[in-house]
Q: 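Have a look at the structure that comes next, please.
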Amino acid sequence: MALKERDEFSGQMTTGHEWNGIKELNTPVPRLLWAFLATLGLFAIVWTVLMPSWPGVSGYFRGLLGADQHQAVRQSLVEAEAARAGWSERLAVEKFDTLAADPAIMDVVRTTGPALFGDNCAACHGNDAGGNPGYPNIAEAPMMWGGDVDTIAETIRVGINSTHPDTRYGQMLAFGRDQMLGSAEISALADYLVSLQGEKSLTVEETGTAETLFADNCAACHGEDARGLVETGAPDLTDSFWIYGGDRSTIRHSIYNGRQGTMPSWEGRLSPTQIRLLSLYVMDLRGSTP
Ligand code: HEC
Ligand code: HEC
């Protein structure tokens, strides 16, 4: 390695490195770099003074500007809660007809309802509340237990054949399995119910026999006219809505084996306000008023 020496043209010292006769000058770092580093340092100092920075024993230095992301988040949560509280308080206490008449409240019901229904009810009743086999259409079918909004709210609260102490209780008896009716009688009734839908016509005699069977065995729950009774929760058997199915063999199955659908109770799982909101939502889907 060559010795450090002074370059004869520039007067600078060399580094002592030499490549094929070319020597490297030992040029100092330019002053501009020092100015740059100084600016960075100054910025860092000013920033730590203005913004939350140094940790301490009991917290941290909060900065002179008082900038605080936690505070900002807390503030926006408080504002959102206040906006919600306005309508959730009203939903909790006001009468259904007052609420239903208020477009602002129904706006909330229509925007919040679908998610609440989707999360809790759609698995059984379908996204559009139109029902699935075994689960009734609650958007259009006449309500077995009554369709005014107070009644709907009570059904949602206690459920049907549920574990709630106040549950609604309804049971379609197993007329065949429990030998209350013979096979021919069950067939006659099944034919009769199909004929009520206009899909089959019976002779006067057949109709007479079935009507007697119906009056003796079914009318107590389904009503003399077979249109259902809210007192027993037995459905209308004359319309086009069927929980289990309106074809002859499914009807026969219903009469032979009985049915006892279970609607869970929602008290304790949904807040009273959420139950009231859903009741208004279902009412609104049905296009009815309280
Ligand atoms: C696990 C399935 C299931 C879930 C979840 C469910 N339901 Fe039901 N629901 C039923 C069944 C089954 C019936 C009919 C019971 C019967 O056959 O008597 C019913 C009946 C009803 C009725 C009464 C219908 C009538 O004709 O009177 C209403 C109202 C109702 N459900 C609303 C809801 C709402 C609102 C939710 C969501 C909070 C919901 N259901 C969630 C199964 C369910
Ligand atoms: C003790 C009351 C009771 C009696 C008596 C009764 N039912 Fe029912 N029935 C019900 C109830 C409640 C339901 C609804 C069951 C459910 O949803 O799980 C029902 C449901 C049905 C269904 C199914 C409806 C559907 O939408 O799929 C048919 C069909 C039916 N009943 C026919 C009859 C016939 C026919 C008789 C007479 C032989 C009769 N029921 C007697 C209470 C009764």
Side-chain angles (χ1 to χ4, degrees), residues 73 76-164 166-170 230 233 235-236 239-246 250 259-290:
V73 170
S76 57
L77 281 181
V78 166
E79 279 162 16
E81 185 55 36
R84 246 183 95 237
W87 58 259
S88 62
E89 216 166 85
R90 293 191 52 201
L91 269 174
V93 297
E94 284 184 24
K95 283 197 174 140
F96 279 125
D97 44 7
T98 317
L99 294 169
D102 185 335
I105 287 286
M106 290 314 288
D107 237 29
V108 170
V109 167
R110 288 177 193 129
T111 49
T112 319
L116 202 54
F117 192 88
D119 287 349
N120 298 287
C121 324
C124 292
H125 292 287
N127 268 324
D128 58 356
N132 282 311
Y135 304 102
N137 176 334
I138 53 172
E140 298 160 293
M143 287 284 195
M144 293 180 279
W145 294 95
D148 67 285
V149 66
D150 280 292
T151 307
I152 293 175
E154 180 66 2
T155 304
I156 300 172
R157 184 178 80 85
V158 301
I160 304 168
N161 302 323
S162 76
T163 51
H164 195 285
D166 301 334
T167 183
R168 297 195 186 287
Y169 178 80
V230 290
D236 187 330
D239 61 24
S240 56
F241 299 105
W242 293 89
I243 305 170
Y244 302 97
T250 309
R259 300 282 190 187
Q260 193 167 23
T262 301
M263 154 76 177
S265 99
W266 293 91
E267 187 171 56
R269 287 198 273 173
L270 294 175
S271 73
T273 307
Q274 287 175 316
I275 292 179
R276 297 190 95 222
L277 188 148
L278 276 173
S279 309
L280 284 168
Y281 177 70
V282 171
M283 177 212 78
D284 190 51
L285 280 183
R286 298 171 67 78
S288 51
T289 46

Q: What is the minimum heavy-atom distance between Leu280 and Val149, and which atoms define it?
A: N-CG2, 4.0 Å
Q: Would you confirm whether Arg286, through its side chain, and Ala141, through its main-chain N or O, come within 3.5 Å as a donor-acceptor pair?
A: yes
Q: Would you say that more than 12 heavy atoms from the other residues, nucleotides or ligands in this model lie under 6.0 Å from the CD of Gln260, or not?
A: yes
Q: Which residue pairs satisfy the side-chain hydrogen bond (donor to acceptor under 3.5 Å, both in side chains) criterion with at least one member in residues 134-154, sequence neighbours excluded?
A: Asn137-Glu140, Asp148-Thr151, Glu154-Arg157
Q: Within the structure provided, determine whether Thr167 and Ser265 are in side-chain contact (heavy-atom separation under 4.5 Å).
A: no
Q: Specify the closest pair of heavy atoms between Leu278 and Cys121, including all atoms of both residues, with the distance to one decimal.
A: CD1-SG, 4.2 Å
Q: With rounding to the nearest 0.5 Å, note down the distance linking CH2 in Trp266 to CD1 in Ile275.
A: 9.5 Å
Q: So, taking the atom named CG in Leu99 and the one named CZ in Arg276, what distance separates them when rounded to the nearest 0.5 Å?
A: 6.0 Å
Q: Please find the pair of heavy atoms, one from Pro103 and one from Ala101, that lie closest to each other, and give the distance.
A: CD-O, 3.3 Å
Q: Can you list the steps and then say if Ile243 with Met144 is a side-chain contact (heavy atoms from CB on, under 4.5 Å)?
A: CA-CA 11 Å; Ile243 305 170; Met144 293 180 279; 3.6 Å; yes
Q: Which atoms form the tightest heavy-atom contact between Leu285 and Ala129, and what is the distance?
A: CD1-CB, 3.7 Å
Q: Yes or no on side-chain contact (heavy atoms from CB on, under 4.5 Å) for Arg90 and Asp102, after CA distance, side-chain angles and deciding distance?
A: CA-CA 11 Å; Arg90 293 191 52 201; Asp102 185 335; 2.8 Å; yes
Q: Just by modelled atom types, is the Ala122 backbone N or O under 3.5 Å from a matching donor or acceptor in the Asn127 side chain?
A: no
Q: Closest heavy-atom contact between Phe96 and Ser279?
A: CZ-CB, 4.3 Å
Q: What's the separation between atom CE in Met106 and atom OG1 in Thr111, rounded to the nearest 0.5 Å?
A: 10.5 Å
Q: Please examine the side chains of Phe241 and Pro142, heavy atoms only from C-beta on, and report whether any two atoms are closer than 4.5 Å.
A: yes
Q: If you look at every heavy atom in Ser162 and His164, which pair is closest and at what distance?
A: OG-N, 3.1 Å
Q: Before giving the answer on side-chain contact (heavy atoms from CB on, under 4.5 Å), spell out for Tyr169 and Ile160 the whole-Å C-alpha distance, their side-chain angles and the decisive distance to 0.1 Å.
A: CA-CA 6 Å; Tyr169 178 80; Ile160 304 168; over 6 Å; no
Q: With a 4.5 Å heavy-atom cut-off, do Ile138 and Phe117 have their side chains touching?
A: yes
Q: If you measure from CD1 on Ile152 to CE on Met283, what distance do you get to the nearest 0.5 Å?
A: 8.0 Å
Q: Working to the nearest 0.5 angstrom, can you tell me the gap between Thr250 OG1 and Arg259 CZ?
A: 7.0 Å
Q: Does some side-chain heavy atom of Trp87 sit less than 4.5 Å from a side-chain heavy atom of Asp107?
A: no
Q: Are the side chains of Trp242 and Pro235 in touch, meaning some heavy atoms are under 4.5 Å apart?
A: no
Q: Could you grab the distance from atom CG of Asp119 to atom CG of Leu270, nearest 0.5 Å is fine?
A: 9.5 Å
Q: Indicate yes or no: at least one non-hydrogen side-chain atom of His125 is less than 4.5 angstrom from one of Val282.
A: no
